[in-house]
Each structure stands twice: as C-alpha cells, then as structure tokens.
A.B. asks: 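So that we are looking at the same thing, I have put the structure below in structure tokens.
Predicted model only: the values in this text are computed from it and were never measured.
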Amino acid sequence: AYVINFSYALGGELKNHKISVNIVCPGPVKTEFFEVASGNKPPRLAADPLEVVRLALKDAKKGKTFSVYGFPMKLYSILVNLLPRKLILWFTKKVKFA
C-alpha cells in the first residue's frame, strides 16, 4: 500500500515535468528470487518476466499509472478494494500457487 500510494503521489508531483510513474503489479514472476529466498521453485502460475515487462511498457506508453499482469492479479486487485482486509489476508495465506 505504501509503494502504491507513494507512486501515485510521486506521479502527481512530477506530472508538470512530463515525467510519469508506472506502478507494476505482476504477482509472482518466474525469477531466481524464489529459490534464493526460500529454496523453492516459482509457483506454477508465476508470470514470464518478459511478458510482464512488455505489458508494463505498453501500459506506460498508453499513459496508464497502474499495470497489473494477468487475470488472477487483476481479480485480486479488484477484490482487495471490495473485501475486508482480514479476509484478504486470510485468503492470501491459505492459497498456494505451487
């Protein structure tokens, strides 16, 4: 939440300087992060990093501030604004994508 709100504020401050800020929310991405952090492979539904970057650049060119990759993350981004935070946290802990 902090990064998203900070990014919106930063984008607002930099708008007059013709600098835009693009918030990228890809969800899990197929990188070495998972193996380094936990010794596990990326989740089955992890996104391809090149596709995430392609979408982020495409959205930035369109002037979009928020770039969300894939249907599961788009649905999640909608639900976090509609459902109680406690329910979202519980669900996030229970769901395993591996």
Side-chain angles (χ1 to χ4, degrees):
Y2 171 80
V3 173
I4 291 171
N5 288 313
F6 177 77
S7 298
Y8 274 119
L10 186 61
E13 288 184 23
L14 297 174
K15 190 174 187 175
N16 292 338
H17 299 283
K18 299 189 184 202
I19 298 171
S20 63
V21 175
N22 184 254
I23 305 162
V24 181
C25 297
V29 178
K30 292 177 188 170
T31 65
E32 66 278 355
F33 172 79
F34 291 97
E35 290 182 39
V36 171
S38 66
N40 297 324
K41 291 184 178 185
R44 213 172 356 115
L45 297 176
D48 177 84
L50 293 177
E51 294 302 317
V52 171
V53 171
R54 280 190 189 107
L55 177 65
L57 292 173
K58 182 179 171 183
D59 286 347
K61 284 181 183 177
K62 288 181 180 178
K64 291 184 178 181
T65 303
F66 207 71
S67 180
V68 182
Y69 183 83
F71 177 76
M73 288 309 298
K74 287 178 183 178
L75 179 62
Y76 187 80
S77 70
I78 292 168
L79 292 177
V80 297
N81 291 308
L82 298 175
L83 298 175
R85 296 277 183 232
K86 284 186 178 185
L87 180 60
I88 294 296
L89 291 171
W90 175 84
F91 180 76
T92 302
K93 288 178 184 178
K94 293 292 181 189
V95 173
K96 300 291 182 198
F97 295 102

A.B. asks: Are more than 12 heavy atoms, taken from residues, nucleotides or ligands other than Tyr8, located less than 6.0 Å from that residue's OH atom?
C.D. replies: yes
A.B. asks: How many angstroms lie between atom CG of Asn81 and atom OH of Tyr76, to the nearest 0.5 angstrom?
C.D. replies: 10.5 Å
A.B. asks: If we ignore hydrogens and angles and just use 3.5 Å, is the side chain of Arg85 paired with the main-chain N or O of Val80 as donor and acceptor?
C.D. replies: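 Yes; judged by distance alone, with no hydrogens or angles, the pair exists.
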A.B. asks: For a side chain to side chain contact (heavy atoms under 4.5 Å, CB included) with Tyr69, tell me which candidate from Val52, Val53, Asp59 qualifies.
C.D. replies: Val52
A.B. asks: Hydrophobic clusters here meaning ILVMFWY residues chained together by side-chain heavy-atom distances under 4.5 Å, can you tell me if Leu79 and Phe91 are in one?
C.D. replies: yes
A.B. asks: Just how far is it from atom CG of Leu55 to atom CG of Asn22, taken to the nearest 0.5 Å?
C.D. replies: 8.5 Å
A.B. asks: Drop me the distance from Leu82's CG to Ile88's CD1, to the nearest 0.5 angstrom.
C.D. replies: 8.5 Å
A.B. asks: Do Trp90 and Leu83 land in one hydrophobic cluster if side-chain heavy atoms of ILVMFWY residues count as linked below 4.5 Å?
C.D. replies: yes
A.B. asks: Take atom CZ of Phe66 as the centre, draw a 6.0 Å sphere, and report whether it contains more than 12 heavy atoms from other residues, nucleotides or ligands.
C.D. replies: yes
A.B. asks: Verify the cluster assignment for Leu75 and Val68: are they in a single hydrophobic cluster under the rule of side-chain heavy atoms below 4.5 Å apart?
C.D. replies: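 Yes: a chain of side-chain contacts under 4.5 Å links Leu75 to Val68.
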A.B. asks: Would a single hydrophobic cluster contain both Val24 and Leu10, if residues Ile, Leu, Val, Met, Phe, Trp and Tyr are joined by side-chain heavy-atom contacts under 4.5 Å?
C.D. replies: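 No, separate clusters.
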A.B. asks: Does one hydrophobic cluster hold both Leu57 and Val29, with members joined at side-chain heavy-atom distances below 4.5 Å?
C.D. replies: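 No, because Leu57 and Val29 fall into different hydrophobic clusters, even though each may have its own neighbours under 4.5 Å.
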A.B. asks: Roughly how far, to the nearest 0.5 Å, is CD1 of Ile23 from OG of Ser77?
C.D. replies: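 One gets 11.5 Å once the value is rounded to the nearest 0.5 Å.
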A.B. asks: With side chains defined as the heavy atoms from C-beta onward, is the minimum distance between Pro28 and Phe34 less than 4.5 Å?
C.D. replies: yes
A.B. asks: How close do Asp48 and Leu50 get, counting heavy atoms only, and between which atoms?
C.D. replies: OD2-N, 3.1 Å
A.B. asks: Distance check, rounded to the nearest 0.5 Å: Leu45 atom CG versus Lys30 atom NZ?
C.D. replies: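 Between atom CG of Leu45 and atom NZ of Lys30 there are 9.0 Å.
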